[in-house]
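Below is one structure, written out as structure tokens; comments come after it.
Everything numeric in this text was worked out from a predicted model, so none of it was measured. We're numbering straight along the sequence, starting at 1.
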Amino acid sequence: SVEEIGAYDPEYLNAYEAGLKTVLGGRVTLNVSAFRNDYTDQQLLVSTVSPTTGLIVVRTDNAGKSRIQGIEVETDVRVSPALRLSGSFGYLDAKYLRYTSVIGGVPTDVSFRKPKQAPDLTASGSIVYSAALSNAVDASFRLDASYRSLTYIDVENTPLLRAPDHAILNASAEFTLPARGLSLRLAVDNITDKRVLTAGYDASTSFGFVEGYFNDPRRYSITLSYRR
């Protein structure tokens, strides 16, 4: 519609990043980085109710000033020839410094909103154990975990479209016959069957509902591969 086409300003970004990559004793890798993104007129897709039709329209807003900064740490540790540990941690400080949006035809200061898909904390870790079970069979066992703190799914910070802090666990075991090019992988994703919002849409003011999309439930898989 004409309302959705609208008019908006170009987005400008000044990005800064500094980092350090180190290898300690040949067994430990440690990467640290810090970054800052300063936006002017950051472009955001927002949903609003048309004052003429009463229907939901999606338009592009400009957030006058916004900032995203944080740190990221990654490490990989070779404990032994068979055991490997890895992990990561992220801290994010994202906020609007100046953001005025037209709501119901009235310019409204919404600088208090939290940027979408910008959790304050993220972390992940994995344990991998690999060994030869016999002269013909190799095996690899893996356990993964990932964590995200409270996350807002949409620009409007709709209360029903918030993903609470959560952790997802995955596990797998792979058996390989290198001489024959065969491998069998058994896996369980989302072991605890955690259901978390990943996307959504608020149409309550127009159609009376809020639509949300969730991550995949617990899933079992068996994969047989052949490589020549």
**Message:** Less than 4.5 Å apart, side chain to side chain, heavy atoms only: is that true for Ser126 and Arg142?
**Reply:** yes
**Asked** Does a side-chain heavy-atom distance below 4.5 Å link Arg84 with Asp76?
**Response** yes
**Request:** Examine distances only and state if a side-chain atom of Glu74 and a backbone atom of Thr29 form a donor-acceptor pair shorter than 3.5 Å.
**Result:** no
**Message:** Ignoring hydrogens, what is the shortest heavy-atom contact between Asn190 and Asp216? Give both atom names and the distance.
**Reply:** ND2-O, 3.0 Å
**Prompt:** Donor-acceptor pair, Ser183 side chain versus Phe175 backbone, under 3.5 Å?
**Reply:** no
**Item:** Main-chain N/O of Glu174 paired to Thr176 side chain as donor or acceptor, under 3.5 Å
**Value:** no
**Message:** Is it the case that over 12 heavy atoms from other parts of the model lie below 6.0 angstrom from the CZ atom of Phe209?
**Reply:** yes
**Message:** I'd like to know if Leu161 and Tyr213 are part of one continuous hydrophobic network [Ile/Leu/Val/Met/Phe/Trp/Tyr, side-chain heavy atoms within less than 4.5 Å].
**Reply:** no
**Request:** Could you walk me through whether Asp144 and Ile168 pass side chain to side chain contact (heavy atoms under 4.5 Å, CB included), step by step?
**Result:** CA-CA 8 Å; Asp144 297 297; Ile168 301 293; over 6 Å; no
**Request:** Determine yes or no for a side-chain-to-main-chain donor-acceptor pair under 3.5 angstrom, with Asp138 supplying the side chain and Leu177 the backbone.
**Result:** no
**Message:** Does any part of the side chain of Arg98, heavy atoms only, come nearer than 4.5 Å to the side chain of Tyr96, both counted from C-beta?
**Reply:** no
**Asked** Going from CG on Leu197 to CG on Asn215, what distance comes out if it is rounded to the nearest 0.5 angstrom?
**Response** 9.0 Å
**Message:** Taking the side chain as everything from C-beta on, heavy atoms only, tell me whether Ile68 gets closer than 4.5 Å to Phe35.
**Reply:** yes
**Request:** Step through the shown structure and confirm whether more than 12 heavy atoms of other residues, nucleotides or ligands are within 6.0 Å of CZ on Phe112.
**Result:** yes
**Complete:** Tightest non-hydrogen contact, residues Pro115 and Ala94, listed as CD-O, 3.5 Å
**Prompt:** Is it the case that one hydrophobic cluster holds both Leu97 and Tyr12, taking links as side-chain heavy atoms less than 4.5 Å apart, direct or via other members?
**Reply:** no
**Request:** Search all heavy atoms of Pro164 against all heavy atoms of Arg162 and return the closest pair with its distance.
**Result:** CD-O, 3.5 Å
**Prompt:** Quick one: CG on Asn31 to OG1 on Thr75, what's the gap to the nearest 0.5 Å?
**Reply:** 8.0 Å
**Message:** List the residues meeting side chain to side chain donor-acceptor pair (under 3.5 Å) with Ser111, not counting sequence neighbours, and say none if there are none.
**Reply:** Asp109
**Asp193, CG atom: more than 12 neighbouring heavy atoms under 6.0 Å** = yes
**Prompt:** Atom CG of Leu44 and atom CZ of Arg59: how far apart are they, to the nearest 0.5 Å?
**Reply:** 10.5 Å
**Asked** Do Ser101 and Thr108 have side-chain atoms, one donor and one acceptor, less than 3.5 Å apart?
**Response** no
**Asked** So does Lys114 pair up with Asp120, basic N to acidic O under 4.0 Å?
**Response** yes
**Request:** Classify the side-chain pair Tyr39/Asn14 by whether it contains a donor and acceptor separated by less than 3.5 Å.
**Result:** no
**Prompt:** Tyr91 and Val32: same hydrophobic cluster, using ILVMFWY side-chain contacts below 4.5 Å?
**Reply:** no
**Message:** Is it true that, when you exclude Ile222 itself, more than 12 heavy atoms of the residues, nucleotides or ligands shown sit nearer than 6.0 Å to its CD1?
**Reply:** no
**Message:** Does any part of the side chain of Val46, heavy atoms only, come nearer than 4.5 Å to the side chain of Glu156, both counted from C-beta?
**Reply:** yes
**Message:** Given Arg67, which partner from the list Asp38, Asp93, Asn37 fulfils the side-chain hydrogen bond (donor to acceptor under 3.5 Å, both in side chains) test?
**Reply:** Asp93
**Message:** Within the 3.5 Å criterion, strictly below it, is a donor on Ser130 or Ser140 matched to an acceptor on the partner's side chain?
**Reply:** yes
**Message:** When you compare the side chain of Gln117 with that of Thr151, does any pair of heavy atoms fall below 4.5 Å?
**Reply:** yes
**Request:** Group every Ile, Leu, Val, Met, Phe, Trp and Tyr by side-chain heavy-atom contacts under 4.5 Å, then state whether Phe141 and Val137 land in the same group.
**Result:** yes
**Request:** Side-chain contact test, heavy atoms from C-beta onward, threshold under 4.5 Å: evaluate it for Pro119 versus Leu121 and give yes or no.
**Result:** no
**Side-chain donor/acceptor of Asn62 to backbone N/O of Asp41, under 3.5 Å** = yes
**Request:** Under the side-chain hydrogen bond (donor to acceptor under 3.5 Å, both in side chains) rule, what do Ser66 and Gln42 come out as? Steps first, then yes or no, please.
**Result:** CA-CA 7 Å; Ser66 56; Gln42 182 181 5; 2.6 Å; yes
**Prompt:** Do you reckon Val210 sits in the same ILVMFWY cluster as Ile153, going by side-chain contacts under 4.5 Å, direct or chained?
**Reply:** yes
**Request:** Taking Thr158 for its side chain and Leu160 for its backbone only, find out whether a donor-acceptor pair lies under 3.5 Å.
**Result:** no
**Request:** Decide if atom CZ of Arg195 counts as having more than 12 heavy atoms of other residues, nucleotides or ligands within a radius under 6.0 Å.
**Result:** yes
**Complete:** Residue set satisfying side chain to side chain donor-acceptor pair (under 3.5 Å) with Lys95, at least two apart, ordered chain then number -> none
**Message:** Given 3.5 Å as the limit, does a donor-acceptor pair link the side chain of Arg218 with the main chain of Ile191, or not?
**Reply:** yes
**Request:** Please check if any side-chain donor atom of Thr60 sits under 3.5 Å from a side-chain acceptor atom of Gln43, or the reverse.
**Result:** no
**Those residues that, when tested against Leu83, pass side-chain contact (heavy atoms from CB on, under 4.5 Å) (two or more places apart)** = Val79, Ser80, Leu85, Ile127, Tyr129
**Candidate list Ser86, Ser146, Ser88, test side-chain hydrogen bond (donor to acceptor under 3.5 Å, both in side chains), partner Ser124, passing option** = Ser88
**Asked** Hey, are the side chains of Thr100 and Val110 touching, using non-hydrogen atoms and a 4.5 Å cut-off?
**Response** no
